[in-house]
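A short write-up of the structure that comes next.
These figures come from a predicted structure and were not determined experimentally.
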Amino acid sequence: YWDTESDEKDTAIGNKAVDEDLIYKAHVMIVIEDNNSYKSAFREYGTARLLHRSYVVGYPEGDFRPSGNMARAETAAIFARILADYNEGNLKSKENSFTDTDRSSWYIRYVSKMQESGVMQGYPDNSFMPYGSITRAEFATTCVRFTEERTGKKLKKTSIDFSDLDKSHWSYEYIQK
C-alpha cells in the first residue's frame with residue numbers, strides 16, 4: 001500500500017520512507033488506475049491501486065531472448081509505450097526525419113514518438129540505426145530525457161565521477177544525472 005508522511009516532502013512505500021524525487025522516478029514505471037497523479041490519489045483516497053502493464057514484451061515467435069542485446073528500436077518501443085500511457089492508439093505518427101527508418105516497419109510509430117518527444121535522437125548523418133545495439137551512454141541519456149520529460153523537472157547532477165568518462169563526451173551531462 002502507499003501512505004503519505006505528515007510533512008508531504010517525504011512519502012512512504014510500504015514501510016520504507018523515500019524522498020519525493022524517487023517517487024517521481026517510480027512514477028515513470030507505474031500508472032494509477034484512476035488517472036490522478038499519485039499525490040491527488042493520496043489526498044482523495046488515502047491509498048491508490050496501481051496497475052502494471054508490460055512494456056518489455058517478447059517476440060512474435062513466442063520467445064523473450066533474455067540474453068539478447070537490445071536494439072535502439074526496441075528501446076524506443078519500451079519508452080514510447082510508457083509515454084503513450086500504454087495506449088497504442090496514442091502512437092499514430094509514422095513521421096520522423098531519419099533516413100533509415102522504414103514506414104512499414106513494426107517500430108516506426110515508436111521511433112517517431114521518441115523523436116517527437118525529444119527523448120531519443122538520431123546520429124549526425126540523420127540516421128537512427130533501429131537495429132543497432134543501444135550503448136550505455138545512449139541508454140543513460142534516454143532514461144534522463146524520459147524522466148525529465150515525464151516529470152517536467154530537470155534532474156540534479158550526481159557527484160559520481162567515472163574514470164573512463166571525459167567531460168567532453170557528448171553524454172557527460174546526462175550520465176552525471
I134 side, atom CD1; M129 side, atom CE - distance, nearest 0.5 Å | 12.5 Å
What heavy-atom pair brings S127 and D125 nearest, and what distance separates the two atoms?
-> OG-OD1, 2.6 Å
Tightest non-hydrogen contact, residues S97 and N126, listed as O-ND2, 2.5 Å
Taking the side chain as every heavy atom from C-beta outward, state whether V111 and M120 have any pair of such atoms under 4.5 Å apart.
-> no
Can you tell me how far the NZ atom of K157 sits from the OH atom of Y172, to the nearest 0.5 Å?
-> 4.0 Å
Here the gap from S117 atom OG to F146 atom CZ, rounded to the nearest 0.5 Å, amounts to 9.0 Å
Are side-chain heavy atoms of E74 and W106 found at a separation under 4.5 Å?
-> yes
Which pair of heavy atoms, one from A71 and one from P130, lies closest together, and at what distance?
-> CB-O, 3.5 Å
If you measure from NE2 on H169 to CD1 on I175, what distance do you get to the nearest 0.5 Å?
-> 6.0 Å
Residue pairs, two or more places apart or on separate chains, that pass salt bridge (Lys or Arg N to Asp or Glu O under 4.0 Å) and touch residues 159-177 | E148-K177
Enter the distance from Y110:OH to S105:OG here, rounded to the nearest 0.5 Å.
-> 10.5 Å
Is R150 close to F79 at the side-chain level, that is, under 4.5 Å between some pair of heavy atoms?
-> no
With a 4.5 Å limit on heavy-atom distance, are the side chains of N96 and F128 in contact?
-> no
For the residue pair W170 and E138, establish whether any side-chain heavy-atom pair is separated by less than 4.5 Å.
-> yes
For the pair Y131 and Y107, name the ring-plane relationship: parallel under 30°, tilted 30 to 60°, perpendicular over 60°.
-> perpendicular
Has R136 got more than 12 heavy atoms of other residues, nucleotides or ligands less than 6.0 Å from its CZ?
-> no
Transitive ILVMFWY side-chain link F98 to I108, under 4.5 Å = no
Heavy atoms of E149 and L83 approach each other most closely as OE1-CD2, 3.0 Å
Is any side-chain heavy atom of F64 closer than 4.5 Å to a side-chain heavy atom of V56?
-> yes
Grab the two heavy atoms, one from G122 and one from R72, that are nearest each other, plus how far apart they are.
-> CA-NH2, 4.2 Å
When you measure from the side chain of E95 to the backbone N and O of S112, does any donor-acceptor pair fall under 3.5 Å?
-> no
Where A80 and L91 come nearest, the two heavy atoms and their spacing | O-CD2, 4.0 Å
